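Lettering follows sequence order; numbering is per chain, from 1. As the structure is a computational prediction, the values presented were derived from the model and not from experiment. Reckoned from all heavy atoms, side chains included, excluding hydrogens, waters and symmetry mates.
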Amino acid sequence: MLLTFDHVTKRFPSGVEALKDANFAVADGEFVSLVGPSGCGKSTALRLIAGLTAPNTGAVKWAGTPPTLGFVFQDAALMPWATVEKNVRLPLELQRMEEAKIRDRVGEALNLVGLEAFARSYPRELSGGMRMRASIARALAADPKVLLMDEPFAALDELTRERLNDELRALWAGKNLTIVFVTHSIYESVYLSSRILVMSPRPGRVVADIAMDDPRARDPEFRATQIYGERCREVRAALKMREDT
Amino acid sequence: MRDRILAYGLPIFVAVAVVGFWEWAVGAFEVSPFVLPTPSAIATAVVTEWSSLAASAWVTIRITIVAFVLALVFGVAWAVIFAQSRTIERALFPYAVTLQVTPVVAIAPLILIWVGLDNAERAVLILATIVAFFPILANTTLGLRSADRGLHELFDLYGASRLQRLTRLQFPAALPYILAGMKISGGLALIGTVVAEFAAGSGTSTGLAWVIYESGFNLRIAKAFAALALLSAIGIAIYAALSLLERQLLKRWHESATSVE
């Protein structure tokens, strides 16, 4: 296993428990979705993986040295004063990479999300979907092994969200990338993931671990299939079960 | 287009109407020129007294600009220190407020004694800086803290240094706030210069405030009004320059600088 949550408990200074005794593991190359109700500690789990915060008890363990990470934040989190290109360059500049290499990487990342033509635009000149693409390009520019995504498409309209879902799945299929994807959308998780971890309301724990067929074989038609519907029902049942208890 | 004509035309129309009425009323009601000179007499005074007025205006402008720059430097520097630690901010902010709320007229005599009675200009400079300093400090402190939380975490994730975070995240995020503070401080620097000169400038000072004082004593009321008109012009010029700077720096990315169309 690439990443293991070993009896992780996280309490905020306010005393609220975000995660309680959370146990799960992520294997190399998986597309894992964390699904759960609002405030169930899914975002906290991502922050723990990224090392942005530390657990109170338990441990977040990597197999070997921690890999390069990319993080896509909920509301794109772009610097409004900088062009798309400068935003994408940021992680590389902070790591003091050499200029020629930065230019290559940034060009490649913008190409990957289809934003080459908007390199010199400012975030406020872009649509919500394009801003999210820029944010994804920024995360990819550092060439991460693991991509952490915190409800990246939650604020987008349905059509844009579906298009970006397809793009993301294609991206994952084309690279040797492990993705941990936080969402509260059952449909999105079923459409994208190779495995779904269902979390309980706060304090969050993993209450169901649902393995899926290989997402590489899927296409947009998958949303119309019977198996898709069954999977959605399964995830919903796991979410509901916790609400009732 | 119509909006532009109205935006510039209406204030000009008001000015012409008021000045015209003033000119007429002074004559019609036989107001003494020692109480209220006519606009034309003031304009004449600006021309005939130009060499003395311009010299005084230059003193006022110089002190105002230096005080403004000092306020900007100290305000931003102090805010940067605050941004490094909440503890420092908690310890020092009350004193910044104290400095701000203490009337400048009241501390003027003290400052004058400290810098020496023959150094009135330096006293005026210090007082004007104190007056102009606070809006920069308060706005910059707020601005440095206004950066998006996600961006802060991004900087954490890629191991940004304190300096990188300050220059690449906190300063740009604070820029609109700093510029807003500068617009307030620019006006305050001028007010501070004038008030400080009234309070501390007796004898050696030669700025516009002193011209007003002196002309009043000598019953050269038209000259006093001419100096007043120049002070207004300086204030307007400072505000216009800082507004232009703000628009230029923010126009591509900040909502406040986007034209409403």
Worksheet item: Which region of Ala147(B), side chain (C-beta onward) or backbone (N, CA, C, O), has a non-hydrogen atom less than 4.5 Å from a non-hydrogen atom of chain A, or is it both or neither?
Response: neither
Worksheet entry | Glu188(A)/Arg161(A) ion pair, N-O < 4.0 Å | yes
Worksheet item: Do the side chains of Leu46(A) and Val180(A) get nearer than 4.5 Å, heavy atoms only?
Response: yes
Worksheet item: Under 4.5 Å between any side-chain heavy atoms of Leu78(A) and Tyr122(A), yes or no?
Response: no
Worksheet entry | Proximity breakdown for Glu153(B) and chain A, heavy-atom pairs closer than 4.5 Å | both
Item to complete: Would you indicate whether the side-chain heavy atoms of Phe68(B) and Leu190(B) approach each other to under 4.5 Å?
Response: no
Item to complete: Begin from the C-alpha positions of Arg162(B) and Gln84(B) and carry the test side-chain hydrogen bond (donor to acceptor under 3.5 Å, both in side chains) through to its verdict.
Response: CA-CA 9 Å; Arg162(B) 219 167 236 250; Gln84(B) 303 307 309; 2.8 Å; yes
Worksheet item: Using non-hydrogen atoms and a limit below 4.5 Å, what part of residues 129-141 of chain A faces chain B?
Response: Arg138(A), Ala139(A)
Worksheet item: Arg165(B) versus chain A, heavy atoms under 4.5 Å apart: side chain, backbone, both or neither?
Response: neither
Worksheet item: Checking Ser161(B) side chain against Gln164(B) main chain: does a donor-acceptor pair fall under 3.5 Å?
Response: yes
Worksheet entry | Residues that Asp157(A) engages under salt bridge (Lys or Arg N to Asp or Glu O under 4.0 Å), provided they are two or more places apart | none
Worksheet item: So which residues of residues 52-62 of chain A are in contact with chain B at a heavy-atom cut-off of under 4.5 Å?
Response: Leu52(A)
Worksheet item: Heavy-atom count around Arg202(A) CZ within 6.0 Å, excluding the residue itself: above 12?
Response: no
Worksheet entry | Residue part contacting chain B, namely of Leu92(A), when any heavy atom lies under 4.5 Å | neither
Response to the item:
Heaviest contributor of heavy-atom pairs below 4.5 Å to chain B, chosen from Arg47(A), Gln74(A), Glu125(A), is Arg47(A)
Worksheet item: Strictly under 6.0 Å, is that where the ring centroids of Phe133(B) and Phe74(B) end up?
Response: no
Fill in: Residues, nucleotides or ligands: over 12 heavy atoms within 6.0 Å of Tyr239(B) OH
no
Item to complete: Ignoring hydrogens and angles, tell me if any N or O in the side chain of Ser185(B) forms a donor-acceptor pair with the backbone of Ala132(B) under 3.5 Å.
Response: yes
Worksheet entry | Side chain, backbone, both or neither of Leu175(B) within contact of chain A (heavy atoms, under 4.5 Å) | neither
Worksheet item: Taking non-hydrogen atoms and a cut-off under 4.5 angstrom, which of residues 94-117 of chain A neighbour chain B?
Response: Leu94(A), Gln95(A), Arg96(A)
Discussion item. Apply salt bridge (Lys or Arg N to Asp or Glu O under 4.0 Å) to residues Glu246(B) and Lys183(B) and explain how you reach the verdict.
Written reply: CA-CA 9 Å; Glu246(B) 184 180 41; Lys183(B) 278 208 292 198; 2.8 Å; yes
Worksheet item: Is there a side-chain hydrogen bond (donor to acceptor under 3.5 Å, both in side chains) between Ser33(A) and Ser193(A) once you walk through the steps?
Response: CA-CA 6 Å; Ser33(A) 284; Ser193(A) 322; 2.6 Å; yes
Worksheet entry | Student check: side-chain heavy atoms of Ile49(A) and Phe5(A) closer than 4.5 Å | yes
Discussion item. Ring centroids only, cut at 6.0 angstrom: are Phe93(B) and Tyr95(B) within range, meaning strictly under it?
Written reply: no
Response to the item:
If you tally heavy-atom pairs under 4.5 Å between each of Pro172(B), Ala160(B), Pro176(B) and chain A, the highest tally belongs to Pro172(B)
Item to complete: Take Phe31(A) and Trp172(A), measure what ring pair (Phe, Tyr, Trp, His ring centres under 6.0 Å) needs, and give me the verdict at the end.
Response: CA-CA 8 Å; Phe31(A) 192 131; Trp172(A) 170 76; 5.7 Å; yes
